[in-house]
K.L.:
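Have a look at this one before I ask anything.
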Amino acid sequence: MKRRWFLASTTAVALATVGLTAACGGGQPTGDDAAAGGDEAGGGVLTMATSADYPPYEFVETAGGTEEIVGFDVDIARHIAEELGYELEITNIDFNGLIPALQAGRADFVMAGMTPTEERKQNVDFSEIYYDAKQTIVFPSGSNITSPDDLADKTVGVQLGSIQEKLGQELAEATPSIELAPLNRINEIVQELKSGRIDAAIIEDTVAEGFLANNPDLEAVEIAEEGPAGSAIAFPKDSELVDDFNQVLAEMESSGLMEELIVKWFGDAAE
Ligand code: ARG
């Protein structure tokens with residue numbers, strides 16, 4: 001029951017699953033038990049934590065009066081859970097809280113377009129990378145920004161706890177007149193940009209494209225940089241799920257299902 005607060009903003013489907021779990025006497029989904037159950041068909045519930053502010057990876061779809069978390073990551077997670085014989089439960093929290101949630105045993109894995117950085121690898125384990133991305137600067141059309149050099153004297157929005165925040169910090173170290181504005185949700189960043197409270201933002205190309213398509217008053221330019229990129233699934237350290245997940249990811253690659261999902265969610269951005 002102590003997990004209930006944590007699930008407050010999950011989908012109707014996930015809530016139904018929780019009800020079911022509770023009714024069965026609460027087979028413990030998170031922590032070591034869940035992973036250990038993975039021998040044959042898992043038969044338990046896997047809890048995925050995400051930050052559903054990141055279309056098309058994960059976002060809340062409100063069509064039809066119900067709220068549901070959908071997206072590329074969700075489709076992948078559903079497929080993997082099904083292949084491994086688990087029910088899937090999804091919890092929605094701020095990006096900055098995802099790794100702490102894994103460490104506290106409140107989730108079995110995280111899918112959130114998360115990049116496997118060396119720093120994060122000290123605290124969590126990662127699957128193989130399943131999709132690549134690059135960094136872009138997003139800004140109101142006509143701002144004349146062509147490279148990070150043009151961010152001098154500007155306020156730059158980044159998501160709290162993201163690699164974009166890190167990159168922003170590095171840029172601000174080199175150019176101290178850059179003021180960083182760390183925000184919790186990508187939608188807030190886009191709103192702040194549109195209202196002119198910030199001048200630019202650093203966002204992944206795969207996500208920026210969607211926001212640009214819906215906001216013709218915004219533009220983006222790619223940042224040429226060598227940093228870590230791409231998305232992987234994160235697990236608590238030493239989780240036994242990592243190998244099982246990697247195996248299904250590899251099958252999805254070879255069967256063409258991954259490509260199908262990339263086309264479904266990113267259109268022709270398939271690589
Ligand atoms: N790839 C970036 C990172 O790992 C940003 C991911 C943000 N994801 C999200 N669901 N908001 O730091």
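Both ligands and their constituent atoms are indexed starting at 1 by order of listing.
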K.L.:
Please verify the inter-ring angle class for Phe72 with Phe266; under 30° counts as parallel, over 60° as perpendicular, anything in between as tilted.
P.N.:
perpendicular

K.L.:
Does some non-hydrogen atom of Phe95 fall short of 4.0 Å from ligand 1?
P.N.:
yes

K.L.:
I'd like to check which ligand 1 atoms, numbered from 1 as shown, lie under 4.0 Å from a non-hydrogen atom of Thr115.
P.N.:
1 (N), 2 (C), 3 (C), 4 (O)

K.L.:
Can you establish whether the number of heavy atoms outside Glu251 located under 6.0 Å from its atom CD is more than 12?
P.N.:
yes

K.L.:
Looking at atom 8 (N) of ligand 1, what's its closest protein heavy atom, distance included?
P.N.:
Ala112 O, 2.7 Å

K.L.:
Check whether any heavy atom of Lys166 sits under 4.0 Å from an atom of ligand 1.
P.N.:
no

K.L.:
Strictly by modelled atom types, are Gln159 and Glu165 linked by a side-chain donor-acceptor pair under 3.5 Å?
P.N.:
no

K.L.:
I'd like to know if the side chain of Thr136 pairs up with that of Glu222 as donor and acceptor (distance under 3.5 Å, no hydrogens or angles considered).
P.N.:
no

K.L.:
Side chain or backbone, does Gly113 bring an N or O within less than 3.5 Å of an N or O on ligand 1?
P.N.:
yes

K.L.:
Glu165 near ligand 1, heavy-atom distance under 4.0 Å?
P.N.:
no

K.L.:
Tell me if the CG atom of Asn214 is crowded by more than 12 foreign heavy atoms within 6.0 Å.
P.N.:
yes

K.L.:
Out of Gln159, Met114, Met111, indicate the one that has the non-hydrogen atom closest to atom 7 (C) of ligand 1.
P.N.:
Gln159

K.L.:
Taking only heavy atoms of Glu58 into account, list the atoms of ligand 1 that are under 4.0 Å away from them.
P.N.:
10 (N)

K.L.:
Is it the case that atom CD in Glu128 sees more than 12 heavy atoms from other parts of the structure closer than 6.0 Å?
P.N.:
no

K.L.:
Could you find the nearest protein heavy atom to atom 10 (N) of ligand 1 and give me its residue, atom name and distance?
P.N.:
Ser51 O, 3.0 Å

K.L.:
Could you tell me whether some N/O pair between Ile163 and ligand 1 is separated by less than 3.5 angstrom?
P.N.:
yes

K.L.:
Could you find the nearest protein heavy atom to atom 1 (N) of ligand 1 and give me its residue, atom name and distance?
P.N.:
Glu204 OE2, 2.6 Å

K.L.:
Would you say Leu212 and Glu219 make side-chain contact, with heavy atoms under 4.5 Å?
P.N.:
no

K.L.:
Applying a 4.0 Å heavy-atom criterion (strictly less than), which segment of Arg120 is in contact with ligand 1: side chain, backbone, both, or neither?
P.N.:
side chain

K.L.:
Side chain or backbone, does Ser162 bring an N or O within less than 3.5 Å of an N or O on ligand 1?
P.N.:
no

K.L.:
Taking heavy atoms and a distance under 4.0 Å, where does Asp53 meet ligand 1: side chain, backbone, both or neither?
P.N.:
side chain

K.L.:
Is a donor on one side and an acceptor on the other found under 3.5 Å between the side chain of Ser195 and the backbone of Gln191?
P.N.:
yes

K.L.:
Using a strict cut-off of less than 4.0 Å between a Lys/Arg side-chain nitrogen and an Asp/Glu carboxylate oxygen, indicate whether Arg185 and Glu188 qualify as a salt bridge.
P.N.:
no

